[in-house]
Number of protein chains: 2
Amino acid sequence: MKSNHKSGTAFMKEKNKRCVLRCVKEKGPISRSEVADQLQLSKPTVSALVEELLQENWLKEVGPGSAGLAGGRKPIQLLFNSRAAHVIGIDMGGTKVRAGICDLDGQLLAADEFPTQTQKKSLLKALKQNVENLLNQASLNPDDILGMGIGAPGMTDTERGVVIDAPSLNWTQYPLKKEAEALFPWPVMVDNDVNVAVLGEQWLGAAKGMDHVVLISIGTGVGCGMLINGQLYRGATWAAGEIGYMVTDMAKARCADLPPPHEGYGFLEQYVGGAGIVQSMKQELKDQPESLFPNHFSAKDVFQKAKDGDRAAGKVLDEVIDHIGFAAANMISIINPEVVLLGGGISRSADWFLPRIQKTIQDFAPVSAPVLPTALRENLGVVGAVSLVLRETESVLKEL
Amino acid sequence: MKSNHKSGTAFMKEKNKRCVLRCVKEKGPISRSEVADQLQLSKPTVSALVEELLQENWLKEVGPGSAGLAGGRKPIQLLFNSRAAHVIGIDMGGTKVRAGICDLDGQLLAADEFPTQTQKKSLLKALKQNVENLLNQASLNPDDILGMGIGAPGMTDTERGVVIDAPSLNWTQYPLKKEAEALFPWPVMVDNDVNVAVLGEQWLGAAKGMDHVVLISIGTGVGCGMLINGQLYRGATWAAGEIGYMVTDMAKARCADLPPPHEGYGFLEQYVGGAGIVQSMKQELKDQPESLFPNHFSAKDVFQKAKDGDRAAGKVLDEVIDHIGFAAANMISIINPEVVLLGGGISRSADWFLPRIQKTIQDFAPVSAPVLPTALRENLGVVGAVSLVLRETESVLKEL
DNA sequence: CGCAAAGTTAGGCATCTTTACTAACTAACC
DNA sequence: GGTTAGTTAGTAAAGATGCCTAACTTTGCG
């Protein structure tokens with residue numbers, strides 16, 4: 001049952017205080033009086049809470065506003081102090097790690113990246129080094145840091161802060177939260193990179209303020225983050241959103257030359273992931289050896305060739321996009337989101353294939369939803385990780 | 001922002017009261033003292049709240065329990081009074097309407113059904129008649145009724161209580177809540193029949209107490225209800241769970257003899273819905289006209305024939321089950337539920353095909369989940385509708 | 001000056017908690 | 001068996017905290 005009873009009135013006060021803070025944060029410069037109005041709290045109560053929030057530096061007074069039309073005393077404008085605390089966000093990728101410091105508005109004060117180390121020990125060491133640099137760059141002390149969020153490329157138990165399985169890093173059951181908290185003097189939160197990304201997009205990106213969002217990320221692998229009723233949905237065993245395993249073509253799945261996948265790669269991933277694209281391309285090339293492809297190439301190259309007019313590459317990508325279209329349509333049928341975001345490396349070519357995906361959706365889903373590329377670029381992971389901390393932290397900012 | 005401020009302390013008390021009530025409800029016979037312990041409330045507070053709850057008849061004292069091992073005064077055992085109020089549940093189907101009255105434990109006190117009228121007016125009239133009979137049967141007054149839940153076979157806006165689209169009833173934008181509330185003196189809540197069903201199964205059925213549940217219902221059409229983080233998920237525009245539109249076979253979807261569906265029927269529905277099964281069977285029979293099938297038959301007949309060993313029927317159903325298996329696997333990949341329930345007419349033959357569905361899941365989903373038939377039978381809809389009311393009602397019972 | 005709006009002060013009410021108490025029961029000892 | 005010590009359930013009274021209302025001060029406009 002675990003009742004969060006701050007046993008009584010303290011809880012109520014805390015809640016009201018948060019409401020006041022949130023109100024000021026959202027409604028921009030605003031007077032005590034108006035806050036009282038909006039929250040249906042009495043003026044004295046608001047004044048008292050504001051007093052405390054000023055004391056704690058969450059709010060600041062910014063001189064008088066203009067008086068009302070009918071005369072009267074000028075209001076004292078209150079503003080949220082977005083520099084009351086700072087949060088560090090880490091985007092831990094398979095090849096590089098990007099770290100950044102944001103203020104509470106999501107403004108990036110400093111960011112940097114370094115190559116991913118294969119050894120966990122040296123990775124953490126490099127991370128510590130990097131974070132200290134960032135602190136210096138932003139002229140901040142550890143005291144100014146509210147917490148640190150990390151997006152990891154794999155299934156993650158956010159409660160215990162354990163990365164269950166991250167193939168690209170070769171991690172299994174790695175207690176990242178614990179390890180990181182031993183290294184830094186602030187709380188650390190860990191989550192799946194795709195989950196983190198969807199948080200970032202909802203905070204400051206293409207899904208700003210939306211409560212029902214699906215983000216499909218296509219890079220080396222294929223992942224999917226879901227915001228449902230305004231909250232991240234992680235599933236019963238942290239495995240929700242494994243869209244890489246969606247089967248969009250039974251016939252192929254059954255008759256596959258390969259045995260059923262299940263070892264790290266899913267059906268969809270075989271076709272639309274980076275590795276899958278390369279493989280399909282190679283398959284295609286077998287039949288027409290006169291092609292201009294080099295012996296080794298990447299998915300990116302396939303895209304390039306297709307844009308340059310290579311028929312075979314175009315054919316491969318046609319199929320890829322078709323799969324993505326059906327995957328998106330299926331997601332819409334099931335989740336009915338307000339928007340579907342496409343992220344990952346592939347999103348750079350978005351305008352090229354977006355119309356076709358939309359067509360598929362229109363033809364096969366019962367309702368529609370706009371499909372857009374993610375709006376945040378290289379800092380998406382960082383900002384998302386910051387948002388993770390802001391949403392989950394027990395601080396005054398926590399939603400209620 | 002709309003802050004639910006019961007402005008202050010009254011809210012807190014209300015909340016504590018609900019906690020006490022819920023605690024007693026869940027922890028069975030329990031003493032004031034232990035409630036105080038569990039909720040971390042002081043004994044006087046609990047006593048006061050219990051006093052009120054006794055007064056209001058939500059609780060009852062049931063004589064002394066046994067004293068502890070170390071001696072001491074015998075506790076006065078408290079019990080939830082499941083007859084403090086009653087709820088009416090309506091399962092509105094395409095061919096018949098089933099109505100029932102439950103107490104707060106979900107115990108069915110009376111139930112009855114009548115054929116669905118095509119005219120809305122006469123349908124409501126028949127409903128009123130029926131409900132009055134039920135009240136008599138259970139010897140209850142309208143005052144004893146907390147509310148009424150209705151499960152409707154179509155997309156439903158639960159906020160406004162409007163059935164947006166229910167093909168089998170030929171309803172569009174029908175304000176059922178409003179109409180019903182004009183007829184009855186208690187609040188009415190309306191939701192999709194599948195949503196209602198999953199609530200019922202979570203309350204008293206195969207998903208008891210689970211927070212992540214997917215229910216796939218296969219009857220005339222194909223629907224899907226989802227419980228996510230313990231809550232019903234309805235989507236951004238009440239269209240979540242339209243699994244009938246899931247495409248599990250791109251090739252077939254694209255090359256289909258028919259144009260893209262979109263007019264009321266989805267891809268999956270074409271194959272696994274009742275109408276779809278019949279059509280596939282007819283298709284199959286064309287090729288072997290020596291069959292024993294009558295001119296007119298139903299999906300049920302196909303099942304029967306298949307069980308009796310008819311090869312063609314078996315082949316048709318094989319494909320149906322294959323589709324269902326992949327649909328279930330896809331749902332698991334995306335939602336990662338604790339359990340997948342199969343409901344609707346098809347669930348009667350569950351043991352026959354369940355193993356094959358499980359095999360498909362094992363082969364193609366990244367994680368597993370048990371697949372079970374729904375546990376509640378003819379009263380699933382009724383009980384679910386009751387549960388809907390209990391969960392959403394603003395009464396003392398509301399979760400917080 | 002008179003009015004109006006912002007913000008503060010003082011007093012009152014509701015709720016919870018703490019502390020101290022009574023009631024009731026067990027165990028154990030004489 | 002009867003008495004006493006120890007334990008637990010529940011109640012009563014007093015204290016703390018938070019909110020609200022009402023009255024007040026401050027500040028600005030006409």
Side-chain angles (χ1 to χ4, degrees), chain A residues 3-20 23-24 27 29-55 59-79 400, chain B residues 3-20 23-24 27 29-55 59-79 400:
Chain A
S3 30
N4 267 341
H5 278 279
K6 269 257 179 71
S7 280
T9 77
F11 170 77
M12 179 173 55
K13 182 178 180 183
E14 193 65 7
K15 185 187 152 181
N16 283 334
K17 199 163 158 185
R18 282 171 189 172
C19 284
V20 169
C23 182
V24 175
K27 305 285 167 63
I30 190 174
S31 70
R32 290 163 171 80
S33 213
E34 200 177 339
V35 171
D37 243 32
Q38 299 230 0
L39 297 181
Q40 310 231 43
L41 285 169
S42 69
K43 292 197 287 177
T45 301
V46 171
S47 281
L49 296 175
V50 164
E51 187 50 40
E52 286 185 35
L53 289 165
L54 284 170
Q55 214 63 229
L59 294 182
K60 51 191 179 188
E61 292 183 329
V62 294
S66 56
L69 298 146
R73 175 176 168 178
K74 278 181 186 163
I76 305 171
Q77 302 284 51
L78 298 170
L79 212 55
L400 189 99
Chain B
S3 32
N4 266 343
H5 277 279
K6 270 255 180 76
S7 281
T9 79
F11 169 78
M12 178 173 56
K13 182 178 180 183
E14 193 64 7
K15 185 187 152 179
N16 283 333
K17 199 164 158 184
R18 283 170 189 174
C19 284
V20 170
C23 181
V24 175
K27 304 286 166 64
I30 190 174
S31 70
R32 289 165 172 79
S33 210
E34 201 177 338
V35 171
D37 244 32
Q38 299 229 1
L39 296 182
Q40 310 230 42
L41 284 169
S42 68
K43 292 197 287 179
T45 301
V46 171
S47 283
L49 296 176
V50 164
E51 187 50 39
E52 286 185 33
L53 288 166
L54 285 170
Q55 215 61 231
L59 294 182
K60 50 190 177 185
E61 292 183 330
V62 294
S66 56
L69 298 148
R73 173 174 168 181
K74 278 181 187 160
I76 305 170
Q77 302 284 49
L78 298 169
L79 212 55
L400 190 97

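It should be emphasised that the depicted structure is a prediction, and the values quoted were computed from it without experimental measurement. To find a chain, count down the sequence lines: A is the first, B the second, and so on, and within it residues start at 1.
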**Student:** Hey, are the side chains of A:Leu41 and A:Asn16 touching, using non-hydrogen atoms and a 4.5 Å cut-off?
**Tutor:** yes
**Student:** Are any non-hydrogen side-chain atoms of A:Leu39 and A:Val46 less than 4.5 angstrom apart?
**Tutor:** no
**Student:** Here's a test for you: under side-chain contact (heavy atoms from CB on, under 4.5 Å), which of B:Val50, B:Leu53, B:Val62 qualifies with B:Leu78?
**Tutor:** B:Val50
**Student:** Return the value, rounded to whole Å, for the distance between atom CD of B:Glu14 and atom P of C:dT15.
**Tutor:** 10 Å
**Student:** Rounded to the nearest Å, what distance is computed from the CG atom of residue A:Leu39 to the P atom of nucleotide D:dC19?
**Tutor:** 12 Å
**Student:** Mind checking side-chain contact (heavy atoms from CB on, under 4.5 Å) for B:Ala48 and listing every partner two or more places apart, or none if nothing turns up?
**Tutor:** none
**Student:** Run the side-chain contact (heavy atoms from CB on, under 4.5 Å) test on B:Gln77 and B:Glu34 for me, step by step, so that the C-alpha distance in whole Å, both residues' side-chain angles and the decisive distance to 0.1 Å come before the verdict.
**Tutor:** CA-CA 10 Å; B:Gln77 302 284 49; B:Glu34 201 177 338; over 6 Å; no
**Student:** Quick one: is D:dG18 close enough that its OP1 or OP2 comes under 4.0 Å of any side-chain N or O from A:Asn16?
**Tutor:** no
**Student:** With respect to the side chain of A:Thr45, which nucleotide from C:dT17, D:dC20, D:dG18 is positioned closest?
**Tutor:** D:dC20
**Student:** Which of these nucleotides, C:dC16, D:dC19, D:dC20, is closest to any side-chain atom of A:Ser42?
**Tutor:** D:dC20
**Student:** With 3.5 Å as the limit, what N/O pairs link the protein to nucleotides 6-9 of chain C?
**Tutor:**
unit_1 : atom_1 : unit_2  : atom_2 : d
C:dA6  : OP2    : A:Ser33 : OG     : 3.3
C:dA6  : N3     : A:Arg73 : NH1    : 3.4
C:dG7  : OP1    : A:Ile76 : N      : 2.6
C:dG7  : OP1    : A:Ile76 : O      : 3.4
C:dG7  : OP2    : A:Arg32 : N      : 3.1
C:dG7  : OP2    : A:Ser33 : N      : 3.0
C:dG7  : N7     : A:Lys43 : NZ     : 2.6
C:dG7  : O6     : A:Lys43 : NZ     : 3.4
C:dT8  : OP2    : A:Ser47 : OG     : 2.5

**Student:** Grab the NZ-C1' distance between B:Lys15 and C:dA14 for me, whole Å please.
**Tutor:** 17 Å
**Student:** How close or far is atom P of D:dA16 from atom CE of A:Met12, stated in whole angstroms?
**Tutor:** 17 Å
**Student:** Please report, rounded to the nearest Å, how far the P atom of D:dC20 is from the CG atom of A:Leu49.
**Tutor:** 9 Å
**Student:** Expressed in angstrom and rounded to an integer, what is the separation of B:Lys13 atom NZ from D:dG18 atom C1'?
**Tutor:** 16 Å
**Student:** Below 4.5 Å, heavy atoms only, C-beta onward: do A:Gln38 and A:Val35 meet side chain to side chain?
**Tutor:** no
